[in-house]
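No experiment lies behind these values; they were computed from the predicted model shown. For this chain, numbers begin at 1 and follow the sequence in order.
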Amino acid sequence: MDAIRWQGDSLALLDQTRLPTEEVWDNYTDYRKVVDAIRRLVVRGAPAIGIAAAYAVCLAAMEFRDQTPEDFRASMDQAMRDLAASRPTAVNLFWSLDRMRLTLSAAGCSAEAIPILTREAEAIHREDIAMNRKIGRYGAELVHPGARILTHCNAGAIATGGYGTALGVVRAAHAKGNVEMVYCDETRPLLQGARLTAWELVKDGIPATLITDNMAASLMAQGKIDMVFLGCDRMARNGDFANKIGTYGVAVLANYHGIPFYTVLPSSTIDMSIPDGKHIVIEQRDPNEVTHFAGVQTAPEGVGVYNPAFDVTPHQLLTGIVTEKGVIHPPFDERLAELFG
């Protein structure tokens, strides 16, 4: 299962805005259209955004290949600025663009850099899948037989290069026969849990039950949730992390009910340049995502809307962090510095 395919001179993306009812792949040859696809959530999930951006850099280089070296450099700088502005929170985007920028600089700002850029983008893609599979193996060791797992939003194969982070753990644990049920928060307002996570789990034959976001507390109180695994869009060096809006609430509920709570992420999602979650920029999205549902207006005209895409969960609510280098337990600042500083 994947959502990103490089085709040599074009990029194919699974349009995630049309799931689960339609599986539509669109081809891109213009990096600007990829910028738009990232903004519109055609491609989403921090690792997947970084991979798509890397391939978009390749498309830009192909477009500008006949320019003079000076113009080529200026055009590529602008393309990377456009891509960087597409979504402000997912740190993988900036990590990926930094790699492509360094690759371009080392290769020389000319058309001769195109195959080198392509190889780098493909390496970013391959490395992400490899990290996901390692993450899955480490995380599966935490899952006991008969586990009932809660997740929020989508941190699956289609949010990454393939396999998934939080759902990578679920997949690996299910392969061992240890997953009794996965409860999927629907994830308002864009329903990534309902449209995407449930879709992935059903396709993979993993037991899944969809719940509305406000049902999690009731399930926990009834003893029907054993552990929580969910993703991450940016982690500060103390372990505070941003994830889809609603994550903080799930963390508070899990803490109150004594339920292990894990975030799952590759090292490319860790931002060691910021000390804590207060320094994470939170994207504000279109009010229509809240005032309308499936194109139908559900709120009165003129009402104010607060629509952040993410919230920040403090590290004190974390049981552990699952990475490709293993499961990290407190003190998170010390362990993150040792492994990723």
Side-chain angles (χ1 to χ4, degrees), residues 1-60 62-63 79-97 100 121 124-125 128-129 132 153-165 167 186-200 203 231 233 243-245 269 283-290 292-295 307-310:
M1 191 181 297
D2 62 346
I4 303 170
R5 297 174 186 171
W6 178 247
Q7 302 180 130
D9 58 359
S10 66
L11 176 63
L13 297 175
L14 176 66
D15 187 344
Q16 297 186 38
T17 67
R18 298 172 73 169
L19 292 173
T21 57
E22 296 179 281
E23 294 181 36
V24 177
W25 286 82
D26 295 319
N27 288 324
Y28 296 82
T29 56
D30 185 337
Y31 83 88
R32 301 167 193 82
K33 297 291 181 65
V34 179
V35 172
D36 181 64
I38 293 171
R39 285 191 179 127
R40 292 190 300 109
L41 308 184
V42 169
V43 58
R44 29 90 23 225
I49 289 170
I51 294 163
Y55 286 129
V57 171
C58 300
L59 295 178
M62 292 174 184
E63 176 182 343
M80 292 196 198
R81 284 195 296 271
D82 292 343
L83 286 160
S86 60
R87 297 199 67 186
T89 302
V91 73
N92 304 63
L93 171 63
F94 308 102
W95 172 86
S96 176
L97 290 174
M100 297 301 286
I124 290 171
H125 196 167
D128 183 72
I129 297 172
N132 289 345
C153 196
N154 174 262
I158 59 175
T160 64
Y163 199 68
T165 52
L167 287 195
E186 64 174 353
T187 321
R188 281 285 290 153
L190 295 180
L191 306 184
Q192 291 96 330
R195 294 187 304 103
L196 308 178
T197 294
W199 176 79
E200 284 199 39
K203 283 182 73 73
D233 285 82
N243 192 51
K244 183 54 59 184
I245 189 71
T269 306
E283 174 187 0
Q284 297 288 329
R285 293 190 59 83
D286 191 333
N288 282 341
E289 294 177 351
V290 176
H292 292 68
F293 181 80
N307 187 23
F310 308 95

Quick one: pull up [atom1] in [X] and [atom2] in [Y] and give me the separation to the nearest 0.5 Å.
{"X": "D30", "Y": "M62", "atom1": "CG", "atom2": "CE", "result": "13.0 Å"}
{"X": "R195", "Y": "R18", "atom1": "CZ", "atom2": "CZ", "result": "12.5 Å"}
{"X": "Q7", "Y": "Y55", "atom1": "CD", "atom2": "OH", "result": "10.5 Å"}
{"X": "E200", "Y": "M1", "atom1": "CD", "atom2": "CE", "result": "5.0 Å"}
{"X": "I4", "Y": "W25", "atom1": "CD1", "atom2": "CH2", "result": "8.0 Å"}
{"X": "L190", "Y": "T17", "atom1": "CG", "atom2": "OG1", "result": "10.5 Å"}

Counting distance only, does the side-chain N/O of [X] pair as donor-acceptor with the main-chain N or O of [Y] below 3.5 Å?
{"X": "H125", "Y": "G161", "answer": "yes"}
{"X": "S10", "Y": "W6", "answer": "no"}
{"X": "Q16", "Y": "L196", "answer": "no"}
{"X": "T269", "Y": "D233", "answer": "no"}
{"X": "T89", "Y": "E283", "answer": "yes"}
{"X": "R32", "Y": "D82", "answer": "no"}
{"X": "S96", "Y": "L93", "answer": "no"}
{"X": "N132", "Y": "Y163", "answer": "no"}

Taking the side chain as every heavy atom from C-beta outward, state whether [X] and [Y] have any atom pair closer than 4.5 Å.
{"X": "V57", "Y": "L97", "value": "yes"}
{"X": "E23", "Y": "K203", "value": "yes"}
{"X": "M100", "Y": "I124", "value": "yes"}
{"X": "L41", "Y": "R285", "value": "yes"}

message: Before you tell me yes or no, could you show the steps for N27 and L11 under side-chain contact (heavy atoms from CB on, under 4.5 Å), namely the whole-Å CA-CA distance, both residues' side-chain angles and the distance that decides it to 0.1 Å?
response: CA-CA 6 Å; N27 288 324; L11 176 63; over 6 Å; no

- prompt: When V42 is tested against each of V34, D15, D36 for side chain to side chain contact (heavy atoms under 4.5 Å, CB included), which residue passes?
  reply: D15

message: Using the rule side chain to side chain contact (heavy atoms under 4.5 Å, CB included), only one of D2, L167, L19 pairs with I158; which is it?
response: L19

What are the two closest non-hydrogen atoms of [X] and [Y], and how far apart are they?
{"X": "R87", "Y": "A309", "result": "NH2-CB, 4.1 Å"}
{"X": "L14", "Y": "W199", "result": "CD2-CH2, 4.3 Å"}
{"X": "A60", "Y": "Y31", "result": "CB-CD2, 3.7 Å"}
{"X": "C153", "Y": "T197", "result": "O-OG1, 2.6 Å"}
{"X": "G162", "Y": "I129", "result": "N-CG1, 3.8 Å"}
{"X": "R44", "Y": "N154", "result": "NH2-O, 2.7 Å"}

- request: Assess whether side-chain contact (heavy atoms from CB on, under 4.5 Å) is satisfied between D9 and T29, documenting all intermediate values.
  value: CA-CA 7 Å; D9 58 359; T29 56; over 6 Å; no

message: Could you go through I49 and N92, starting from their C-alpha distance and side-chain angles, then the distance that decides it, and tell me whether this counts as side-chain contact (heavy atoms from CB on, under 4.5 Å)?
response: CA-CA 7 Å; I49 289 170; N92 304 63; over 6 Å; no

